[in-house]
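Notes for the one structure printed next.
This is a predicted model, so every value here is computed, not measured. We count ligands from 1, going down the list as the structure has it; atoms in each ligand are counted the same way.
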Amino acid sequence: MTQKVAIITGSGRGIGAAIANQLAGEGYAIAVADIDPQTADQVAQSINQNAGQTARAYVVDVAKRDEVFRLVDEVVQDWGRLDLFVNNAGIAIIASIIDSDPEEVERLLNVNLLGTFWGIQAAATQFKRQGTGGKIINAASLASVEGSALQGAYSASKFAIRGLGQSAAKELAPDQITVNAYDPGIVLTSLRDGIDETTANLKQRTFAEQRASVVNEIALKRAATPADVANVVSFLASPQADYITGQSILIDGGMRFH
Ligand SMILES: NC(=O)C1=CN([C@@H]2O[C@H](COP(=O)(O)OP(=O)(O)OC[C@H]3O[C@@H](n4cnc5c(N)ncnc54)[C@H](O)[C@@H]3O)[C@@H](O)[C@H]2O)C=CC1
Ligand SMILES: CC(=O)C(C)=O
C-alpha cells in the first residue's frame with residue numbers, strides 16, 4: 001500500500017508535535033515543518049526512533065508564501081506525493097486593542113491568517129497536480145467563535161481562518177479536497193503558558209490564579225492535552241471523515257457551544 005505523506009506546520013512542539021507523533025504512529029510519512037530548525041529536528045528524530053524512518057525536519061516560515069511552496073516541493077521530491085497538509089503553526093498576542101503594537105499585529109496576521117492561506121494554496125495546487133484529492137486541516141480555536149478581551153488580533157485571525165476554510169471547502173470540493181478545522185479551547189502548551197502569564201500580569205494575579213480561573217470555566221474541569229487535539233485531527237485526516245468538509249470541531253471540554 002502507498003504510504004501517505006503529511007506536512008504539519010508548527011510541529012516542533014506543542015499541538016503540532018502531538019499531531020506529528022499520532023499520525024506517524026498511524027503510518028504516515030511526516031514532514032515536521034517549523035520555523036525553529038532545532039525543535040523540528042528533535043521531533044523528527046524522536047519519531048524515527050519510535051516509528052522507524054518515517055519523519056524528516058523542514059524549516060519554514062509560514063508567513064512567507066515562497067517558503068510554503070518550497071516546503072511542498074521539497075516534501076514531494078523527498079516522499080513522492082502529498083496527502084495531508086495541517087496548517088497548525090500559530091502565534092498569540094495578549095494585549096488590549098488600544099495598546100497593541102502594530103508590528104506585532106501585522107506579524108500575527110501574516111503567520112496565522114496568511115500562513116494558512118499560503119498553506120491551502122500550496123497544498124491544493126499539489127493535490128490538483130497529483131489528481132488524487134487530499135485533506136487540509138487548519139488550526140482555528142475557540143477564539144474563532146467567540147472573541148475575548150485582550151485577544152483582538154488573535155481572535156480576528158482565527159475567525160478569518162474559519163471563513164477562509166469554508167470558502168476553500170466549497171471551492172476545492174470538486175477536486176475531492178476536503179478542508180476542515182480544529183478549535184481547541186485551553187491546551188497546555190508554551191503558547192498557553194505565555195497567554196496565562198501575560199494575562200496574569202495585566203490582571204495583577206499570579207500565574208496559578210489565572211490558570212485556575214481559566215480551567216474553572218471548562219465544564220470537564222481540566223485543560224486539554226495536545227494529545228486530545230491530535231485525536232481529533234487524526235479523525236479528520238482519516239477516510240472516516242471523507243464526507244466531512246467545511247467543518248470546525250470544538251475541543252474545549254464544554255467551555256462553549258457553537
Ligand atoms: N494552546 C492552546 O490553548 C491553543 C492553541 N491553538 C492553536 O493551535 C496551534 C498550535 O498551538 P500550540 O501548540 O499551543 O503553540 P506552541 O507555541 O506551543 O507551538 C507553535 C509552534 O509553531 C511554530 N511556529 C511559530 N511561528 C511559525 C512560523 N511563522 N512558521 C512556522 N512555524 C512557526 C513554533 O516554533 C512552535 O514550534 C496554533 O495555531 C494555536 O493558535 C488554538 C486554540 C488553543
Ligand atoms: C490560545 C487560544 O486559542 C485560546 C482559545 O485561548
Side-chain angles (χ1 to χ4, degrees), residues 7-21 31-44 57-68 70-71 85-94 104 106-119 137-162 165 181-199 210-211 213-215 217-218 222-230 232-233 248-253 255-256:
I7 295 175
I8 300 132
T9 66
S11 49
R13 72 179 188 202
I15 293 169
I19 296 169
N21 277 289
V32 180
D34 204 284
I35 200 166
D36 182 337
Q38 271 186 335
T39 57
D41 255 342
Q42 283 161 6
V43 171
Y58 297 83
V59 180
V60 67
D61 178 352
V62 298
K64 300 194 172 130
R65 183 179 182 274
D66 57 333
E67 291 193 17
V68 179
R70 194 174 65 216
L71 167 68
F85 195 107
V86 184
N87 280 304
N88 171 74
I91 56 176
I93 302 173
I94 295 300
E104 286 184 9
E106 207 168 305
R107 175 69 184 160
L108 182 143
L109 293 172
N110 282 334
V111 173
N112 292 10
L113 173 54
L114 289 185
T116 303
F117 198 103
W118 309 140
I137 304 176
N138 301 323
S141 167
L142 174 60
S144 81
V145 292
E146 182 170 330
S148 294
L150 308 178
Q151 294 192 14
Y154 183 77
S155 193
S157 75
K158 295 298 185 179
F159 265 73
I161 287 170
R162 205 154 47 86
Y182 48 100
D183 295 340
I186 309 300
V187 192
L188 299 181
T189 65
S190 309
L191 181 142
R192 187 68 229 179
D193 287 348
I195 290 175
D196 286 339
E197 211 170 287
T198 314
T199 311
Q210 173 60 23
R211 177 60 57 82
S213 90
V214 169
V215 171
E217 287 182 48
I218 303 171
R222 73 165 176 90
T225 62
D228 289 320
V229 181
V232 174
V233 175
S248 216
I249 299 188
L250 263 179
I251 314 162
D252 70 345
M255 221 170 160
R256 302 272 185 286

Does [X] come within less than 4.0 angstrom of ligand 1, counting non-hydrogen atoms of the residue?
| X | value |
| --- | --- |
| T9 | no |
| Y154 | yes |
| A92 | no |
| R107 | yes |
| A224 | no |
| T39 | no |

Heavy atom of the protein closest to [atom] (residue, atom name, distance):
| atom | value |
| --- | --- |
| atom 14 (O) of ligand 1 | T189 OG1, 2.6 Å |
| atom 16 (P) of ligand 1 | R13 NE, 3.4 Å |
| atom 29 (N) of ligand 1 | D61 OD1, 2.9 Å |
| atom 3 (O) of ligand 1 | V187 N, 2.8 Å |
| atom 32 (N) of ligand 1 | I35 N, 3.3 Å |
| atom 22 (O) of ligand 1 | G10 CA, 3.3 Å |
| atom 35 (O) of ligand 1 | D34 OD1, 2.6 Å |
| atom 13 (O) of ligand 1 | I15 N, 2.8 Å |

- request: For T116 and N87, test the side chains for any donor-to-acceptor distance below 3.5 angstrom and give the result as yes or no.
  value: no
Under 3.5 Å, is there a donor-acceptor pair between the D34 and Y58 side chains?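 The criterion, which ignores hydrogens and geometry beyond distance, is not satisfied for Y58 and D34.
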Any atoms of ligand 2 less than 4.0 Å from a non-hydrogen atom of [X]? List them with their elements.
| X | value |
| --- | --- |
| R192 | 4 (C), 6 (O) |
| S141 | 2 (C), 3 (O), 4 (C), 5 (C) |
| L191 | 1 (C) |
| I195 | 1 (C) |
| Y154 | 1 (C), 2 (C), 3 (O) |

Report yes if [X] has an N/O atom closer than 3.5 Å to an N/O atom of ligand 1; otherwise report no.
| X | value |
| --- | --- |
| K158 | yes |
| N88 | yes |
| G14 | no |
| P184 | no |

### Task
Mark the output for G185 as yes if a heavy-atom distance to ligand 2 is under 4.0 Å, and as no if none is.
yes
Report task. Would you kindly specify which portion of A140 sits under 4.0 Å from ligand 1, judged on non-hydrogen atoms: side chain, backbone, both or neither? Result ->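 Contact part for A140 vs ligand 1: backbone (N, CA, C, O).
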The answer for which part of V111 has a heavy atom under 4.0 Å from ligand 1 is side chain
The residue among I137, I8, T9 that forms side chain to side chain contact (heavy atoms under 4.5 Å, CB included) with F85 is T9
Ligand 1 atoms nearer than 4.0 angstrom to some heavy atom of V60 are 30 (N), 31 (C)
Query raised in the report: Given side chains that start at C-beta, do those of S11 and N88 come closer than 4.5 Å, heavy atoms only?
Result: no
TODO: Please tell me if the side chains of D183 and I249 come closer than 4.5 Å, counting only heavy atoms from C-beta onward.
DONE: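 A side-chain contact under 4.5 Å is absent here.
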Practice item. Decide if atom CD of E106 counts as having more than 12 heavy atoms of other residues, nucleotides or ligands within a radius under 6.0 Å. Key: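 Not more than 12 within 6.0 Å, no.
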Ion pair present between D252 and R256, side-chain N to carboxylate O less than 4.0 angstrom? no
Trace of the side-chain contact (heavy atoms from CB on, under 4.5 Å) decision for R13 with V43: CA-CA 8 Å; R13 72 179 188 202; V43 171; 5.9 Å; no
